[in-house]
Every structure is written in structure tokens, then in C-alpha cells.
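In what follows, chains carry the letters A, B, and so on, assigned in the order in which the sequence lines appear, proteins first and then strands, with residues in each chain numbered from 1. Computed over heavy atoms, backbone and side chain alike; hydrogens, waters and symmetry mates excluded.
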Number of protein chains: 2
Amino acid sequence: MAGKPKLEDVARFAGVSPTTVSRVLNNRGAISDKTRRRVNDAIAQLNYHPNEIARSLFVSKTHFIGLVFPTTGHPFYGELIFQIENILSEKNYKVLICNTMDQAEKEKKYLDMLLANQVDGMIVGAHNIGIETYQRAHLPIVAIDRKVSDTIAVVSSDNYGGGRLATEDLLNQGLTKIIHINSVPCEEAPSSLQRRKGYEDVMKEHGLPFKTYELDYPFDREAKIQILSSIFAQNPAIDGMFISDDMTAAIALSMVRKMKRDIRIVGFDGTETVTTCVPELTTIVQPLRAMAQLAVDLLLKEINNEFDGIKKNYILPVTLRRGT
Amino acid sequence: MAGKPKLEDVARFAGVSPTTVSRVLNNRGAISDKTRRRVNDAIAQLNYHPNEIARSLFVSKTHFIGLVFPTTGHPFYGELIFQIENILSEKNYKVLICNTMDQAEKEKKYLDMLLANQVDGMIVGAHNIGIETYQRAHLPIVAIDRKVSDTIAVVSSDNYGGGRLATEDLLNQGLTKIIHINSVPCEEAPSSLQRRKGYEDVMKEHGLPFKTYELDYPFDREAKIQILSSIFAQNPAIDGMFISDDMTAAIALSMVRKMKRDIRIVGFDGTETVTTCVPELTTIVQPLRAMAQLAVDLLLKEINNEFDGIKKNYILPVTLRRGT
DNA sequence: ATGAAAGCGCTAACAG
DNA sequence: CTGTTAGCGCTTTCAT
């Protein structure tokens, strides 16, 4: 045998037609026990493995799902992608991964790639090109943490509630001079704006002054340290900080410890990774597992045309995890 | 137009043959400028996107690479996968991701899936089924951190050297009562054994007593805390620990701080994530980026039959990063 | 219960 | 420079 055996080889070996082999493979139609056995024997003998690509071409369904996220290297996305892939593989879907690195150009290239490879659907957590670009694909798509759209389901956690929860927790501890650190706002991903609004609303309701800083370069540690330093210098009297992501919060916590200042910090995300590395950090926990489950459920419903098509915006509750 | 336009539709629209369209698409053969323009116009008009699946079937090459790792949710693998995917996408390869969760059964299922989907090659960092199982695939494969094999290239960092480096660093600080914490040894992934040997060799060379603990459940935080507690209780006099992974080291560091004991800790991995979250942790840094680059280079060479086929075991140098 | 034939969308000889 | 033809490996009518 030169190359890999194909269905035709199995058929010849078993002395039946390709059709029959296909039927055995897919459990379709009626097959006599004897034939089935003979075919299965041949499959085993030849160590035959069906070519899913050929099958995909014929049935016009690949069972591929594209996952478009900034990077698997960030714990929030890494863990979310893990959950999503896990649930999808359970349902016999396969995952093509795309790390956009927050670059619009890469995101566009990936979108084309996924379409060219006939994915059955996509879950998009990146946010550098307009969601309209995706709509043109006329494909089942679920977005995570994106601007609400008429045609695309969006799953996110309760960012506004999380912002409130974090701020209230600091207030409950008797703190009053609380600042907020956030990323630069992004039109396509309003989640950080929601967190900010939660913080500012609570501060206003309590008649307290508030101040929000917007950090750029969300993935660069050195830059964060620089900027945090100057923020600490500018705010010698603060006693609390709500920082809208755990990685930055962890850095701030470590700086506070070194400066021996008395500042309480609440972060956001609550991934296993950061909780493990920085158990003393209080944080707002996003329900990663539930978000993944919901996103997959919605996507598969769209793919199978069972989508009721009414509700398009899903907000999942967050919880506060107190640092130890 | 009912479904997606296909190459034939473009041909008809442009008034040429399918072959010509294909040639324009793939820049093959000689095409008159006029024809090319007409075809490109048709492509744009119809918003045509080539079907890569059909193409793959014909050329018997998918440009798919399977990535088999325990989980994208762990920073080491999440960051490594990010690097690998990044380099591969640059070369127009696409990545199918598999989270084996340390389960042999899942790993086997994924292997079958990848073969069925005609991947051009695989990079394997999971280690629950024998590497021989992969050899049967007769496919270009590169392994990361696995038992050396005659037929499969293995990329790893200098685990033995890292173990030595970590231990020597503790000794250089005047510490002498140093224990080592490791995972349970695994036949297929000898890297932790190497780290252990590095530690034990150095201790022996200095005539010092040594003790290695083997932790199970490498990804479960609560279990780790339990076991670490009892280790701390059993060792009231230690002044140093070499812990063979950063996540566990971070937990230990946090416990040490709470107990106010004076114990220096050196971890292993040195991911961006953990370095960001726990900058005060001293650790042995694995060259993630270089490992990814080398693994991809080797894989693509095998795929393109440029593999010289001599050296099969690649060990990359580690560095020590001092905590701040 | 089984087989023959057509074709999923594309590309690569081979002609012209 | 362009078109005709055959076929990648599989599944599915439509016969028998």
C-alpha cells in the first residue's frame, strides 16, 4: 500500500462497494451483520481512518469552530478558551485558534482564513474590527464582551454590577478615598466602560469624589509599573483602588506592599491562575465556565437553526472573592 | 445567487474557464493583464472566497497543525501556545487546539481527530500516552518536554541545568537547609526528574542533606495548599525551597509570608503571567519564545522534507530571574 | 440489503 | 495565453 488507505481500498479488501463501507462507517441504512463484520475487519486490517476533509467537502459542514481572541497567553482568555474548547470537543466540534494580539489587521486576516476554511461558526472575544465585518460572513457567530448588535448574540458578565460590587466592598470597609484604574475605552468592547460606570455611580451616590485613570498597553508589565508609580505619587492619600483587571491589580498590590502603604485593592476577572498566584487579592469573579457554556449553547443553536432569535444580549452575574 | 459563489460562478461571470480563475487565484502560469483584471473584478463583484477545504482535498495538504497540550488555561502552556500559533500563522499554517487535561483517553481521541482531519503535522506537549502512539501516525511531529525518541524531535529547556541553577542560587545566599518540591514523576515527561536531579546533585556536591517531595494533582490549588501546609509543619527549620513550578511556588511564597517565616523560594517556568502577578518570586525562566520557534522550525522542516534527521534532542538554555 | 453513478469545489495535466 | 478533462476521498440519490 503506497499512501493512506481510502474508503475504496477498504471496499475492495472487503469485497463490497464503497457505498456499503460508507454506510457502515456512518451507521446509515440497513446492513447485514455479516457484511458489517467484514467491513469492520477490513477497516481494522488496513488501519483505515476516514478523511474528514473529504467528508466535510461533500456535506458542506466542517464541524470547525473559529475562536478569535487577543491571546491564549492571558489567563482570562487562556482559561476561557480552555472551557470553550472543552465543551465544544464534547460535542465533536474542533477548534481553530486565532490570537489577534489586539491588531485589527491580524483580526481581519483571521476572519478571512476562518471563512476560507468553512468554519461552521465562530466565537469572538477580540474587539479590534467592527462587529459588522463579521456580519458580512452570514455565519453563526457569538461574541463575548462586545458591543451589543442586532444580529449577533453577545455574552458578557455583569460588568456594571461588578464595578458597583467592587466599589461598595471598599466603602463597606470604611474607605473613602478610592480611585479607579481602567484601560483606555474601546468602542467595540464597552465592558470596561461599564465597570467604570459602576464605580463612578456608587461614588456619586455616596457623595464621594472619584477619579478614573485610563491605562494604555494592557499587556505590558513595565509600562504598567511606570504609570502606576506616578499614580501612586499623585495620590498620597488614597486608601482604596478598584482596578479593572487582575494582572494590573496584582502589580499594584505588590507595589503597595513594597511601599508599605495602606491601600486596599479590588481587581477584576478572578481567574484560577491569578487567584492561585495572588490569593490575597480581592477580586470580582467573572463566571468563566458559565460564559463558555452559554456562548457554546447559543452558537450551536444558531448552527442547528434552533435559535429563537429574540434575546441577543446575555449578562451573567459576577461574585466577589475576598482575598485571603 | 443561492449559496456562496464558487469558482465556477466566478468563471462564468468573468467569461473565462475555471482553470483561468484558479490560475489567477494562485498566481500560476501566465495570464494576460486583461483577463486577470476581469477575473479579479468578478471575484470582487461576487464577493467570492475560495474554499480551502476543497483545495486541501485536492492537494492533499491542509496547512493544519495540531497542538496537543494539557490546557491553554495554564500560563506556561497558554503562553507557549500563543507563541507557537503566532509563528505558525505567520507561515500560513492554521492551528487546531487540543486540551488533553492530562487524560490519556482524551489525548487518544484528539490524536484520532487530528489524523482524520489530515493535519500536516503536530506539536505535542501533552504526555499521557506513549510517544509510540504518535509514531504510528507517520506524520511530522515535534514533541515538547518529552521522553527522547529515535524518530521524534524533542524540544525542551535545560531542566537539569535549571535545577542546578536554582539550588546554587539558594546556596549562594548562605542557605543550607533546602528542600525540593516536584510533581509526581512521569515516564513520558522526564523534565521534572531532571530538575530534581539538578537539585540533588548540587546538594550532594556540597555535602548537604536533601529531600524531595512529590506533589500530585498539579493543577488543584486547594490540594496544594493542604500538602504544602504539612510540608511546612514537617520542616520547621528549612531556609530554602526549590519548587519546580511557579504556580506552586507562588502559593508557597504567599504561605511563607503569612507564617512570617524566613524561607527563600525559587520557582520554575518564568512565564510573563506569573512574573507579572508575583514579581517578588525568583524563578528559572524557560525560553518560551525560543522553544516555540525551534519547535516550529523543526516541524516545518520535517513537513517540507528538509529535515537533516540527525539530531533529535534539543535542549535550550534557561536563565535565573531574580525576584524584586 | 447492496451497488452504480454523480458530484461537493477545487487544481493540474495535457492540449491547443 | 487559455480551455478541456479528470479526479482528490467521500456520500448520497436512485436503482435493483
Side-chain angles (χ1 to χ4, degrees), chain A residues 1-40 42-43 46-64 112-120, chain B residues 1-43 46-64 112-113 115-120:
Chain A
M1 185 79 53
K4 290 179 222 172
K6 39 179 156 181
L7 187 139
E8 202 192 317
D9 299 319
V10 176
R12 205 182 355 254
F13 192 94
V16 297
S17 79
T19 315
T20 302
V21 177
S22 172
R23 280 200 268 255
V24 170
L25 245 29
N26 300 293
N27 260 318
R28 245 190 275 295
I31 304 274
S32 77
D33 271 10
K34 197 171 57 178
T35 309
R36 182 187 306 276
R37 199 164 4 225
R38 254 211 315 227
V39 170
N40 281 326
I43 289 175
L46 300 178
N47 189 29
Y48 168 74
H49 288 269
N51 182 331
E52 274 289 319
I53 297 297
R55 181 168 204 290
S56 293
L57 178 59
F58 189 90
V59 301
S60 307
K61 276 221 163 222
T62 55
H63 272 65
F64 287 137
D112 284 347
M113 181 277 274
L114 293 173
L115 292 177
N117 285 280
Q118 315 299 119
V119 294
D120 291 349
Chain B
M1 185 77 53
K4 291 178 223 172
K6 41 180 155 185
L7 186 139
E8 202 193 317
D9 299 321
V10 176
R12 205 183 354 255
F13 191 96
V16 298
S17 78
T19 313
T20 302
V21 178
S22 171
R23 279 200 267 256
V24 170
L25 246 29
N26 300 291
N27 259 318
R28 246 191 274 295
I31 304 273
S32 76
D33 271 10
K34 195 171 58 180
T35 309
R36 183 187 307 278
R37 195 161 10 227
R38 250 210 317 225
V39 170
N40 282 326
D41 268 14
I43 288 175
L46 300 178
N47 189 29
Y48 167 73
H49 287 270
N51 182 331
E52 273 290 320
I53 297 297
R55 181 167 204 290
S56 293
L57 178 60
F58 189 88
V59 300
S60 308
K61 275 220 165 228
T62 55
H63 272 65
F64 287 138
D112 283 348
M113 180 278 273
L115 292 177
N117 285 279
Q118 315 299 116
V119 293
D120 291 348

- base_contact_polar (D:dT12 base, A:Thr19 side chain, donor-acceptor, <3.5 Å): yes

- Could you give the CD-to-P distance, from B:Glu8 to D:dG3, as a whole number of Å? 14 Å

- Kindly indicate whether the side chain of A:Thr35 and the base of C:dA1 share any N or O donor-acceptor pair separated by less than 3.5 Å? no

- Task: Can you tell me the distance, in whole Å, between the CG atom of A:Leu25 and the C1' atom of C:dT2?
- Result: 16 Å

- Winner on side-chain proximity to B:Arg28, out of C:dC10, C:dA1, C:dA12, is C:dA12

- Message: At a heavy-atom distance below 4.0 Å, what parts of residues 51-64 of chain A sit against DNA chain D?
- Response: A:Asn51, A:Ala54, A:Arg55, A:Phe58

- Message: For a 4.5 angstrom cut-off between non-hydrogen side-chain atoms, does A:Thr62 reach A:Asn117?
- Response: no

- Note on the structure: Whole-Å distance, B:Arg12 CZ to D:dG3 P, equals 14 Å

- Query: Do the side chains of A:Gln118 and B:Lys4 get nearer than 4.5 Å, heavy atoms only?
  - Reply: yes

- Task: State which of D:dC10, D:dG3, C:dG3 makes the closest approach to the side chain of B:Thr20.
- Result: D:dG3

- Query: A:Leu7 or B:Gly15: which one's nearest nucleotide on DNA chain D is closer to the 5' end?
  - Reply: B:Gly15

- Nearest 0.5 Å, what's the CZ-CG distance between A:Arg12 and A:Leu7? 11.0 Å

- Query: Does the side chain of A:Val24 come within less than 4.5 Å of A:Thr35's, by heavy atoms?
  - Reply: no

Anything under 3.5 Å between a protein N or O and an N or O of nucleotides 14-16 of chain D, put it in a table, one pair a line.
none

- No-hydrogen, no-angle side-chain donor-acceptor test under 3.5 Å, B:Thr19 and B:Ser22: no

- Query: Given atom CG of A:Asp9 and atom C1' of D:dC10, what is their separation to the nearest angstrom?
  - Reply: 13 Å

- A:Arg23 versus A:Val16: any side-chain heavy-atom pair under 4.5 Å? no

- Task: Ignoring backbone atoms, test whether A:Tyr48 places a side-chain nitrogen or oxygen under 4.0 Å from the OP1 or OP2 oxygen of D:dG9.
- Result: no

- Hey, are the side chains of A:His49 and B:Asp112 touching, using non-hydrogen atoms and a 4.5 Å cut-off? yes

- Message: What I'd like to find out is whether the side chain of B:Val39 reaches to under 4.5 Å of the side chain of B:Ile31, using heavy atoms alone.
- Response: no

- Query: Rounded to the nearest Å, what distance is computed from the CD atom of residue B:Gln118 to the P atom of nucleotide D:dG9?
  - Reply: 9 Å

- Mind checking whether B:Asn27 and B:Arg36 have side chains closer than 4.5 Å, heavy atoms only? yes

- Task: Write down the distance between CG (A:Asn27) and C1' (D:dT11), rounded to a whole number of angstrom.
- Result: 15 Å

